[in-house]
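Everything below concerns the one structure shown next.
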Amino acid sequence: MTRRLAPSVLNADLARLADQVQLVQEAADWLHLDLMDGHFVPNLTFGPPVVAALRPYTDLYFDCHLMVANPVDLLPALAEAGAGLVSMHVEALDDPARALAAAADHGLAAGLALRPGTPLEAVLPWLDRLDLVLPMTVEPGFGGQPFREDVLPKVAAARRALDGVERPVALEVDGGVNATTAPRCRDAGADVFVVGTAIFGADDPSATAKAFRDLLDLGDPGGLGT
Ligand code: DX5
Ligand code: ZN
């Protein structure tokens, strides 16, 4: 199984975004970008123009987490901006099949994310056409929240479900992932680790990102399918 580290810049110094990314890019597989619209979640971050502005500064694969009410509307601009994968919240989608097809039409890999209270069953019908499942381990919207232990059984259930699918589907965790909780997520079967505050809140984000690679026994850095 390929395990990946995806630093999240949500709580980095966003005024120096490109510099912050360059601090961690050698140790990262993906860069996790949190798009929020102030409707789906009570916070507002950035949209496709910032993703596009960042694109020339790094070769990292862009893992875009769309915490927005109308994620399908953003897909053309995100494809144009150089996104790799887009995770859409299943709670925001009337028609997940149509949303996943729209992502594919734009050449984007696609994931479905779930709030902590959303049962795994909400994404099970779509596993054969997904690239990633993201059971959130905090309520989406803000970095720096405590890890939700109660989501670990859902991570483990997702692992079991994905093991029965022929298509390779990544299992990502996001929220409160740190040196203590990341190994527990790994043991539950997660293979993509989004880490925000534990990296960008550290004195040395670069060394901390490298330490996560050792901690989680990650291989050489790489993008989806590598
Ligand atoms: C929260 C975001 C996360 C956030 C995680 O809604 O989706 O990606 O950056 O930050 P930490 O690691 O601080 O919980
Ligand atoms: Zn996120």
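Atoms considered below: every heavy atom in the structure, side chains included; atoms not considered: hydrogens, waters and symmetry mates. In each ligand, atom 1 is the first atom listed, and ligand 1 is the first ligand listed. The shown structure was predicted, so the numbers you read here are calculated from the model rather than taken from an experiment.
- Residue His65 places at least one N or O, backbone or side chain, under 3.5 Å from an N or O of ligand 1.
- Each of the following atoms of ligand 1 lies closer than 4.0 Å to a heavy atom of Gly143: 10 (O), 13 (O).
- Nearest N, O or S atom of His65 to the Zn ion (ligand 2): atom ND1.
- Of all the atoms in ligand 1, the ones that sit under 4.0 Å from a non-hydrogen atom of Gly175 are 14 (O).
- Ligand 1 lies nowhere less than 4.0 angstrom from a heavy atom belonging to Asn11.
- Close approach to Met67 involves these atoms of ligand 1, each under 4.0 Å from a residue heavy atom: 6 (O), 7 (O).
- Close contacts between ligand 1 and Gly144 involve ligand atoms 11 (P), 13 (O), 14 (O) [criterion: under 4.0 Å to a heavy atom].
- Close contacts of ligand 1 with Asp174, meaning ligand atoms under 4.0 Å from a residue heavy atom, involve 2 (C), 3 (C), 4 (C), 5 (C), 7 (O), 8 (O).
- Ion pair Asp214/Lys210 not flagged as a salt bridge, since none of the NZ, NE, NH1 or NH2 atoms sits closer than 4.0 Å to an Asp/Glu carboxylate oxygen.
- Under the 4.5 Å side-chain criterion, counting only non-hydrogen atoms from C-beta, Asn11 is not in contact with Phe200.
- Geometrically, Arg4 does not engage Phe193 in a cation-pi contact, judged by NZ or CZ lying under 6.0 Å from the ring centre and within 45° of the ring axis.
- Leu114 and Leu100 fall within a single hydrophobic cluster, where Ile, Leu, Val, Met, Phe, Trp and Tyr side chains are chained together by heavy-atom contacts under 4.5 Å.
- Counting atoms of ligand 1 from 1 in the listed order, those under 4.0 Å from a heavy atom of Thr197 are 11 (P), 12 (O), 13 (O).
- Atom 9 (O) of ligand 1 has as its closest protein heavy atom Ser8 OG, 2.7 Å.
- Nearest non-hydrogen protein atom to atom 2 (C) of ligand 1 is Asp34 OD1, 3.4 Å.
- Between Arg186 and Asp191 there is no salt bridge, since no side-chain nitrogen of the basic residue lies less than 4.0 Å from a carboxylate oxygen of the acidic one.
- A side-chain donor from one of Ser8 and Asp34 sits under 3.5 Å from a side-chain acceptor of the other.
- Annotation for Thr208 and Ile199: closest pair CG2-CA, 4.1 Å, computed over non-hydrogen atoms.
- Among all protein heavy atoms, the one lying closest to atom 1 (C) of ligand 1 is Phe142 O, 3.6 Å.
- Nearest N, O or S atom of Asp34 to the Zn ion (ligand 2): atom OD1.
- Among Gly176, Gly141, Gly196, the residue whose heavy atom lies closest to atom 6 (O) of ligand 1 is Gly141.
- Side chains of His65 and Asp63: no donor on one and acceptor on the other come within 3.5 Å.
- Atoms OG1 and CG, on Thr181 and Leu152 in that order, are 8.5 Å from each other to the nearest 0.5 Å.
- In terms of distance to the Zn ion (ligand 2), the nearest N, O or S atom of Asp174 is named OD2.
- Residue His32 approaches ligand 1 through these ligand atoms, each under 4.0 Å from one of its heavy atoms: 8 (O).
- No salt bridge links Asp187 with Arg184; every basic N to acidic carboxylate O contact stays at or beyond 4.0 Å.
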